[in-house]
Amino acid sequence: MPEIKVTPLGAGQDVGRSCILVTTGGKNIMLDCGMHMGYNDDRRFPDFTYITDGPLTEFLDCVIISHFHLDHCGALPYMTEMVGYSGPIYMTQPTKALCPVLLEDMRKVAVERKGETNFFTSSMIKDCMKKVITVSLHETVQVDADLEIKAYYAGHVLGAAMFHIRVGQQSLVYTGDYNMTPDRHLGAAWIDKCRPDLLISESTYATTIRDSKRCRERDFLKKVHDCVERGGKVLIPVFALGRVQELCILLDTYWDRMNLKVPVYFHHGPGRDSQQILPHTFVHRNMFDFKHIKPFDKTYMDNPGPMVVFATPGMLHAGLSLTIFKKWAPNQNNMVIMPGYCVQGTVGHKILNGAKKIDFENRTSVEVNLSVEYMSFSAHADAKGIMQLVRHCEPKNVLLVHGENAKMDFLRQKIMQEFNINCYKPGNGETAHISVSSNMEVEVSLSLLKHTMAAPPTSPALPLAPTTSGKAEEQPTKKQKILHGVLIMKNNSMKILGVNEAWGELGIVSHQLRFTERIEVEHIGPVQALTSSLHTLLSQKLGTTQVQVVSEYQLSVADSVVINIQDDNDDPGKNILLSWTHQDEALGSKLLEIIKANFKK
Amino acid sequence: MAALLKKRALAEYCQTQTLVEDGPKPAPTKRLHLVRRSKTVDHSEFITSSLDTTDPQQLLPALVSLHSSLPLAGDSQIEVVQELMKLLLNDTLPPFITTKVLALLANIITSHAQAQPVFEEVMRVAQRTKSKKVLAQVIHSACALSQCIPPDPKLQDQVIQLALSHITTTKFIILVRSLEAVGTLCPGEAGRVQSSIMNTLIEHTSHQDNRVRTAAFNALMVVQEKGVKLPAEVYDSACKALGDDYQCVRAAALFLIKVAAESDPERLVPIPDSDLHMRLVDHAFSQICNVVNDINVRVRTQAASLLGSMSGISEKFLQQTLDKKLMSNMRRKPSAHERALAMLSSGEWSSGKRWADDAPKEHVEADSVSIINTGSCGANVHGLEDEFLEVRNAALDAICSLALNNAQFANQSLDFLVDMFNDEIEEVRLKAIQVLQQIAGHIILRADQLEEILHALKDASLDIRESLHTFLGTTVLSTISSVKICVSSLLDNLRRYPQDRRSIHRCLRHVGQNHPIHVQALVSQLLAVHPYFDGVEPSVQDGEYICKLILVLNAAVQCPTILPLLEQHTIRHYAYLRDTMPQLVPVLKLGEDRQPSREVVSTNTLRFLRESMQRVSSVDQSSTKMRMTIYQTVHSDLVKLADIDPALSPAAHFAALYTQCMLLFTKILSTRNWLTPSSLSLQQSGALKSNVDQLLKHTFRLRHAFTNLSPAEEASIRNLRVRTLALQLVYVVHGSTGSALGLCDNFLEHTEALHRYLTDEKLSADSFLEAVFAELSQLEEPRPGAVARILQPLLLTYPVPALGPITNPAQVHMCSAEIIEPQPDSETIHKLSAGLVVGVHLDSEISHIPDPSTLRIRVAYPDHSTHLIVPPRNHLRLVSPGTYRLLTTVLISAQVSWSEACHVGLSLVLDLSDQEVLAARRHSVAKADDSATIIQLVKPVKVLVWPKSIRKGI
């Protein structure tokens with residue numbers, strides 16, 4: 001029984017460090033190569049020694065990166081340049097554009113701020129990106145003769161993709177992170193009914209069903225609007241890439257709609273490189289080009305009057321957003337909106353918990369009088385979305401990764417219950433063996449198929465055929481039929497051909513196998529008399545149309561069996577020479593019986 | 001008379017033709033054009049010649065062009081059919097030709113008599129042909145032919161036999177056509193044929209080819225529409241087909257499920273894995289709900305729209321469609337809607353400072369949660385949250401139609417509808433508001449919901465705001481504070497978008513009428529009335545104050561206790577508003593001392609109109625001078641009447657204009673020596689000329705600006721017009737040296753048209769016309785001089801008849817317009833760089849224009865040049881029957897800079913130059929000045945425009 005082996009090196013019963021090894025049909029594929037943001041030691045990268053010590057090139061057929069988030073691509077330069085891998089890496093064009101930007105940012109933080117050594121360098125990131133092959137959505141890429149991959153739209157972030165991987169008969173779908181509810185700038189994930197053997201799905205929100213996004217958006221917009229109406233300033237701390245685009249579009253269109261004139265600023269921070277890359281990537285709607293949103297300058301901070309500012313970083317722990325916050329916090333007209341989760345210890349976390357006064361290291365403190373709002377904008381599929389995807393693509397098995405163990409249990413149980421299929425959730429380093437049924441693919445020649453379909457149904461159908469009900473007879477097209485043909489195995493493929501086609505195909509001259517029987521009969525008289533008596537006899541038994549007189553010495557039955565009558569000179573009797581081909585065995589033996597019974601010596 | 005005119009026309013026609021031929025090099029393009037036109041117009045010649053070939057390369061284009069020239073005229077049709085039959089008999093032609101011929105035959109033939117022979121030939125083709133495509137087309141065409149009127153059951157039987165005999169084929173196209181044919185021809189009454197057809201169709205719903213499955217489902221639909229009861233298994237197979245891989249099959253099955261459920265709603269269907277049963281209609285409903293999550297947009301859209309069309313669904317299922325359980329980490333979480341409700345009922349407002357006040361609360365049992373949609377769970381919610389606006393729109397429609405029949409559902413869906421106000425697509429937002437308005441009768445808005453709705457008043461889109469105003473005018477608000485929020489939002493809206501003034505006024509009027517008690521409680525706040533201090537008297541020019549007054553005064557009609565609350569100056573302002581905007585401010589029953597001085601007297605305007613017209617007709621025999629005085633007074637009376645009584649205004653205008661024309665006529669005819677203008681003094685001739693021009697303009701206006709007239713009135717106007725043209729002809733022939741040929745033609749055409757009109761309407765011509773008809777018919781050749789000689793005495797002998805009494809004065813419509821924006825007294829200066837354009841926003845209401853396509857915006861520049869601008873079609877919206885609203889931007893430009901801002905006049909006109917006067921134009925009657933062919937609808941509004949020279953060096 002063939003099987004697909006899946007070993008998560010990261011993201012097994014865990015969020016972060018996505019790295020999944022898949023072995024199917026003799027191919028080894030690595031899905032994503034991410035790092036863990038929570039660790040600063042060796043644990044942040046997947047354990048590549050699991051595969052082998054040393055370069056990985058000969059052990060991996062390809063690496064596929066689903067999107068540019070660091071927990072999906074963060075370990076890529078480490079793997080390719082420091083561990084050693086020179087095989088193909090696949091990702092979508094936007095991912096390829098944005099990935100090095102984020103990697104470089106991360107590298108800077110790790111090396112320049114935290115002073116780490118033994119980290120990959122900028123040139124390594126560049127070298128790594130040179131190995132990347134881009135794929136377009138819905139484009140089928142032939143990695144090698146047997147392995148093909150196809151990307152589907154996944155929503156989530158720009159360039160996120162789901163991959164359909166096919167090796168011979170076996171296929172699997174890896175979702176990466178995806179989003180089943182559409183946004184303003186990203187649509188919902190979409191996949192066709194590809195019926196893979198295995199679906200590897202993320203399960204971040206395995207136990208959550210979310211509210212309509214419109215409520216959240218409306219709250220957000222209304223709060224911003226009310227604040228600027230009463231002359232307040234709104235600070236929205238954000239991360240450079242990802243959801244901020246959604247918020248920008250949201251505000252931009254709203255400003256347009258409501259005809260607002262209050263300035264909106266966006267501080268690009270370290271992510272400014274992305275500005276220069278993306279306009280080339282997107283032709284129709286540049287996600288960084290807005291009508292109402294202008295770049296921020298530090299001097300604007302002190303400007304009077306209302307304004308809205310997007311500033312990095314997102315958790316208010318450092319940088320410009322914190323500077324602005326310090327300035328604006330004492331005024332109760334102002335507002336800060338936290339669009340995401342904040343790590344404990346950051347200013348963001350403190351004010352969300354209602355701190356009224358924040359102390360800083362240099363013994364300064366700030367009164368927090370401005371209103372603090374929390375808005376969650378996340379782009380993962382919730383439980384309902386995951387179930388929907390499973391329903392759309394109809395897999396035979398599901399494997400959950402990228403989620404917390406306890407939450408996975410619930411979803412796993414639900415999937416098994418609702419769809420009646422197996423569901424796995426291996427931990428890191430644990431291998432899941434998924435046995436798949438394998439079908440033999442056999443080509444059947446069209447002419448043979450048509451010929452067989454056109455032939456009248458053979459009445460004693462196969463035992464499998466539904467012969468019980470009378471209905472079956474009403475449906476000639478549904479009935480099973482026996483197909484006679486030649487099975488040819490050639491060049492790793494199998495074909496069923498009609499006999500004559502097979503001869504042509506194989507270059508074999510056809511041989512006829514004939515059985516010949518000589519029957520001596522006692523018959524006195526001219527040969528013609530015997531011929532005619534034989535003719536009448538056979539016509540009686542077989543029907544007149546079957547038997548023809550060829551000459552006075554020869555009869556033919558059903559155009560294939562030849563009966564020769566010879567006058568034996570020595571004996572008084574005659575010889576009847578009966579000759580039939582191998583195919584007409586039944587007819588030949590019947591004739592033989594008839595003749596023997598009637599003319600036997 | 002008519003004969004003569006015809007003769008004349010013919011002579012004219014020949015003459016022009018010879019002119020064309022003899023003329024020195026007539027434009028060759030025109031002749032080419034003519035030739036080409038005759039080719040396309042004349043089908044029969046074109047086809048018979050081109051079909052007479054056996055070369056398929058030539059034949060196919062000919063057939064295709066034949067197809068595009070359908071339908072054919074009666075006699076050419078027979079010819080074409082014969083030609084096509086010939087082609088059908090020709091076996092050497094390739095199959096694609098035969099297919100096309102068959103398709104054409106089915107298209108051309110509509111009557112049974114023709115169909116019979118063709119049908120037999122078509123059936124013979126089925127025997128002969130080897131091509132699958134031809135065979136499929138034969139079945140299709142035969143099916144169409146057998147349905148020709150009257151349908152022939154014998155032919156239909158043959159087609160059914162033919163189709164059923166080919167049902168075993170493997171070729172999908174034949175199968176599809178056969179299924180279609182048996183579906184459409186299936187007999188309505190039960191029998192052997194019907195049952196065999198049904199069996200075939202049901203069998204093919206599980207065929208291996210998706211196209212065949214689709215055809216089978218569609219055919220079942222057709223059969224069902226004929227009233228054949230579908231067996232239960234059809235429904236089952238349709239349900240199964242909802243999981244089909246192909247969207248076309250799913251879509252077809254979806255419809256079938258719906259009709260099946262409608263035909264037998266009460267049948268009980270077993271629920272799998274249990275002993276329970278549910279009603280078929282409920283089952284179907286939940287099946288369709290499931291499809292709202294389909295992978296394909298079109299199927300989703302269909303499913304969402306079908307939801308709305310189903311009726312008789314159990315309450316339980318209906319309400320489930322709005323249900324979506326939220327959970328977070330396996331704990332039940334209240335949705336934002338529920339939170340808002342809880343917040344409201346607990347009486348506290350969102351602190352805004354609480355983080356995660358949406359934190360999940362109670363624990364959920366894993367088994368009790370069903371994430372995948374079973375049944376109708378959350379279908380409408382999903383539809384509203386869909387990625388595609390088509391689906392969202394369809395879901396909104398569905399909710400609307402479901403909510404109209406179910407008040408409880410309406411109230412539940414309210415939250416979701418309000419959410420849709422925040423959609424990113426304007427079309428969806430607009431639809432949400434419209435839906436809300438339609439179900440306004442069922443719902444009572446909570447204060448928090450109202451707040452969300454009112455937020456949309458800040459929207460920049462005019463449509464959204466206006467439909468919201470309409471909604472607010474119809475809905476019922478529950479509390480005083482709601483009314484207060486509503487009013488303050490509307491006032492805020494007015495501040496933001498002053499152009500909404502009218503709409504807001506209307507809205508406040510309705511709000512006041514609907515909530516008198518609530519308004520009463522708010523009066524002192526709104527009008528700033530203090531118990532013992534006198535406030536400052538607000539200005540009646542203040543827009544907000546007017547809005548508040550409209551609200552209060554309308555409420556006061558039903559709640560008289562408001563009146564004593566009002567201050568003295570408010571009552572005075574009421575009198576002012578009652579005068580300026582009578583349709584917005586109702587009549588209040590004030591005490592004697594407070595009654596505004598102008599009392600509402602019962603006027604008899606109608607009688608006055610009648611009497612005035614009577615006066616005009618009674619003075620026929622009086623002296624010229626006397627008549628002129630009377631015409632003058634009657635005219636000014638009627639114009640005043642039109643101002644006083646809006647209901648009679650069109651009729652009064654009509655009569656006034658007519659009287660004015662009579663006056664002018666009398667004036668012209670009484671001018672001494674009017675036929676020899678050379679003998680007149682300069683002043684006299686100028687006056688004469690302007691009188692003639694005036695007369696022409698007035699009659700033109702009479703002719704085109706008024707609609708809904710009785711035939712007699714119509715005839716009298718036309719009569720007046722003809723008379724005017726006659727006058728003009730006589731005047732020109734005598735007064736000037738130029739050719740009057742065109743004028744003469746124009747006059748004759750009008751006369752002829754009037755003659756036709758009178759005969760059609762069976763009206764008798766008056767003595768003038770009769771004389772004209774009689775004289776003209778004796779004329780050999782209608783030369784201008786000769787015609788003028790005839791007309792001259794007639795004009796003098798028969799004075800203009802007075803207008804008969806208007807049969808239905810209230811019904812007469814006059815086209816008119818009102819420019820709402822730009823405001824006439826606006827001080828804003830539109831500045832622009834010379835040579836570029838500036839857009840001026842124009843908002844106007846136009847009523848009773850006969851043809852909207854003739855509407856033009858007339859821009860008059862200070863240098864007396866005028867431009868007519870055709871407004872874009874989609875900027876003109878129909879407000880109510882006969883009334884349009886034009887919302888557009890007029891582009892104004894100037895080539896050179898002006899030294900100061902000058903007035904540019906904007907007005908609306910009807911440009912009728914392509915209609916009646918085209919004939920005149922052809923004969924070069926109309927001069928370059930187009931004022932003869934336009935009708936002014938409204939007085940020009942002056943806009944200050946200041947083009948400045950372009951600064952160099954930018």
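Residue numbering restarts at 1 for every chain, and letters A, B, ... go by the order of the sequence lines.
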Asks: Heavy-atom count check: over 12 atoms from other residues, nucleotides or ligands less than 6.0 Å from A:Glu229 CD?
Replies: yes
Asks: Would B:Glu424 and A:Arg218 pass as an ion pair if we require N to O under 4.0 Å?
Replies: no
Asks: Is there a donor-acceptor contact under 3.5 Å from the side chain of B:Glu387 to the main chain of A:Pro182?
Replies: no
Asks: A:Gln388 versus B:His382: any side-chain heavy-atom pair under 4.5 Å?
Replies: yes
Asks: Side chain, backbone, both or neither: which part of B:Tyr497 has an atom under 4.5 Å from a heavy atom of chain A?
Replies: side chain
Asks: Counting neighbours of NZ on A:Lys357 that are heavy atoms of other residues, nucleotides or ligands and sit closer than 6.0 Å, is the number greater than 12?
Replies: no
Asks: State, to 0.1 Å, how close A:Asp192 and B:Ile295 come at their nearest heavy-atom pair, and which atoms those are.
Replies: CA-CD1, 4.3 Å
Asks: Contact part of B:Asp386 toward chain A, heavy-atom cut-off under 4.5 Å: side chain, backbone, both or neither?
Replies: backbone
Asks: Does atom CZ (B:Arg298) have a neighbourhood of more than 12 heavy atoms from anything else shown, all under 6.0 Å?
Replies: no
Asks: Which answer fits A:Ile191, side chain, backbone, both or neither, if we ask what part of it has an atom under 4.5 Å from a heavy atom of chain B?
Replies: backbone
Asks: Quick check for you: to the nearest 0.5 Å, what is the distance between A:Phe220 atom CZ and B:Asn422 atom CG?
Replies: 11.0 Å
Asks: Can you establish whether the number of heavy atoms outside B:Arg192 located under 6.0 Å from its atom CZ is more than 12?
Replies: no
Asks: Can you establish whether the number of heavy atoms outside A:Lys222 located under 6.0 Å from its atom NZ is more than 12?
Replies: yes
Asks: Using the side-chain contact (heavy atoms from CB on, under 4.5 Å) rule, take A:Met180 and B:Asn293 through it: C-alpha gap first, then chi angles, then the decisive distance, then the call.
Replies: CA-CA 11 Å; A:Met180 290 299 281; B:Asn293 287 315; over 6 Å; no
Asks: With side-chain contact (heavy atoms from CB on, under 4.5 Å) as the criterion, how do B:Lys458 and A:Arg257 come out once you've worked through the C-alpha distance, each side chain's angles and the decisive distance to 0.1 Å?
Replies: CA-CA 8 Å; B:Lys458 295 173 184 167; A:Arg257 216 170 86 197; over 6 Å; no
Asks: Just do the salt bridge (Lys or Arg N to Asp or Glu O under 4.0 Å) check on A:Arg195 and B:Asp245 with the steps written out, would you?
Replies: CA-CA 11 Å; A:Arg195 298 195 173 91; B:Asp245 279 11; 2.6 Å; yes
Asks: Decide if atom NE2 of B:His841 counts as having more than 12 heavy atoms of other residues, nucleotides or ligands within a radius under 6.0 Å.
Replies: yes
Asks: Heavy-atom cut-off 4.5 Å, strictly under: side chain, backbone, both or neither for B:Glu426 against chain A?
Replies: neither
Asks: Taking A:His225 for its side chain and B:His455 for its backbone only, find out whether a donor-acceptor pair lies under 3.5 Å.
Replies: no
Asks: Which atoms of A:Asp256 come close to chain B, meaning under 4.5 Å heavy atom to heavy atom: side chain ones, backbone ones, both, or neither?
Replies: backbone
Asks: Is any side-chain N of the basic residue among A:Arg391 and B:Asp294 closer than 4.0 Å to the acidic one's carboxylate O?
Replies: no
